[in-house]
Each structure stands twice: as C-alpha cells, then as structure tokens.
Amino acid sequence: MTHASMTHASTWILIADAARARVVRKPVHPSDARQIPLETVFEASADPRALREIMADRPGRSFASTGARRSAMEYHSDPVREQTRGFAASLLKTLETRFTAGDFEELIICAPPRMLSALREAMPEELETAVSSEVAKDFTKLSEIELHEVLDRLAGVPE
C-alpha cells in the first residue's frame, strides 16, 4: 500500500527537546482542534542517568610530556551533543518505522534549534519526504491549553 492510497491523510506533530519527546496526532477536523487532551501517539525520553554518569566521570589529569606538571584533560567529544544525537536517531527510527507502515503521511517537527539540528542530521531520506514544516522552538513545557493554541496557529485553525 502506498502512502497516497491511504483513506485519510494523517498528520503527526513531533514536539521534542534533547531529553523528551511527544508525538501527537493533528485533529482531522477543525471542530476537534480544541479536544483536550490531544491524542498522543507515543512519548519517549532520553536516559538522563546516562548523561549524569558520563559527566560525573571527570576526564582526569595527565602529566605534561616534559617535567612533572599535570593538567586537566578535556572531553574528546561533547557528551550532551552525543546524547542529543542518540535520542534524535532513536526518535527518527521509530517515526520511520511508523511512516513506512503507513501510520501517517505528514510530519511537523517542533524542537529547539540544537535538537532540530540533530534531527536534520540523522533524518532518513524516506522520512524527510513526510516533513512538511519545522518550528525551531521548545514546546515541551507548554500546558495542554497553550499547546492547543500553538498547534492551532501552526495548522491555521480559526480561533
């Protein structure tokens, strides 16, 4: 079955930051737009314990090549960025599986700039065709009512 042959278009909205994500289904009819709560398709969160453990394990100190001086070593990578990239890749894998299964046709992504960048970097080609818009803002902390208002504006639903 191709995506175009589905009986009704379905739009999912990914609302994410570097540590948590929620995918909601866009209401099909404007009259459903104020339905509370929004229909959550799935939620995910990064493992915060893993990052704390990485950061708690300080890089250490090393001796200079000459003399007895010691200096602090730096991390070879940015642990926060690596965790963000891993979380983004995990989300995209789930979304790609669901898109391939025909669960949705269109995807709107709402995420702060760093997470949006990580999502873009890891975006599978097939899933990229479903992305209709991106909003570089963090909506994860909004109340349900505030989220409805934002999503209404994104969808062009009259108030």
Visitor: Do S132 and L107 have side-chain heavy atoms sitting under 4.5 Å apart?
Guide: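 They are not in side-chain contact.
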Visitor: Do NZ/NE/NH1/NH2 and the carboxylate oxygens of R20 and E43 come within less than 4.0 Å?
Guide: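 A salt bridge is absent here (no side-chain N lies under 4.0 Å from a carboxylate O).
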Visitor: Quick check: does any side chain N or O of E144 sit under 3.5 Å from a backbone N or O of L38, one acting as donor and the other as acceptor?
Guide: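 A pair under 3.5 Å: yes.
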Visitor: Determine whether W12 and R98 make a side-chain contact, defined as any pair of heavy atoms from C-beta on separated by less than 4.5 Å.
Guide: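 Yes. Closest side-chain heavy atoms under 4.5 Å.
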Visitor: Tell me, with the steps shown, if E39 and V24 meet side-chain contact (heavy atoms from CB on, under 4.5 Å).
Guide: CA-CA 6 Å; E39 181 186 347; V24 298; over 6 Å; no
Visitor: Roughly how far, to the nearest 0.5 Å, is NZ of K137 from CG of L142?
Guide: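 L142 atom CG to K137 atom NZ measures 10.0 Å (nearest 0.5 Å).
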Visitor: side-chain contact (heavy atoms from CB on, under 4.5 Å), that's the test. Do F139 and E146 meet it? Break it down for me.
Guide: CA-CA 9 Å; F139 296 140; E146 291 168 321; over 6 Å; no
Visitor: Can you measure from CZ (F99) to CD (E106) and round to the nearest 0.5 angstrom?
Guide: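 F99 CZ to E106 CD: 10.5 Å, rounded to 0.5 Å.
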Visitor: Compile the donor-acceptor pairs under 3.5 Å between side chains in residues 89-96 and protein atoms, sequence neighbours left out, one pair per line.
Guide:
residue: T94; atom: OG1; partner: S90; partner atom: O; Å: 3.4

Visitor: Considering only NZ, NE, NH1 and NH2 on the basic side and carboxylate oxygens on the acidic side, decide whether D17 and K141 come within less than 4.0 Å.
Guide: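 Result for this pair is yes, salt bridge flagged.
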Visitor: Taking the side chain as C-beta and beyond, is there a heavy-atom pair between T11 and F104 under 4.5 Å?
Guide: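 Counting from C-beta outward, T11 and F104 never come under 4.5 Å.
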Visitor: Assess the side chains of R25 and S10: does a donor N or O sit below 3.5 Å from an acceptor N or O?
Guide: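 Yes - a donor-acceptor pair under 3.5 Å links their side chains.
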Visitor: With sequence neighbours excluded, tell me which residues meet side chain to side chain donor-acceptor pair (under 3.5 Å) with E134.
Guide: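 Side chain to side chain donor-acceptor pair (under 3.5 Å) check on E134 returns R120.
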Visitor: Closest heavy-atom contact between P112 and A16?
Guide: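 It is CD-O, 3.0 Å.
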Visitor: For L116 and I109, run side-chain contact (heavy atoms from CB on, under 4.5 Å): C-alpha distance rounded to whole Å, both residues' side-chain angles, the deciding distance at 0.1 Å, then the answer.
Guide: CA-CA 8 Å; L116 192 55; I109 300 174; 3.7 Å; yes
Visitor: Determine, stepwise, if the pair R22 / T140 fulfils side-chain hydrogen bond (donor to acceptor under 3.5 Å, both in side chains).
Guide: CA-CA 8 Å; R22 178 179 176 196; T140 60; over 6 Å; no
Visitor: With side-chain contact (heavy atoms from CB on, under 4.5 Å) as the test, would you mind laying out the steps for L14 and I108 before giving the verdict?
Guide: CA-CA 6 Å; L14 169 62; I108 298 170; over 6 Å; no
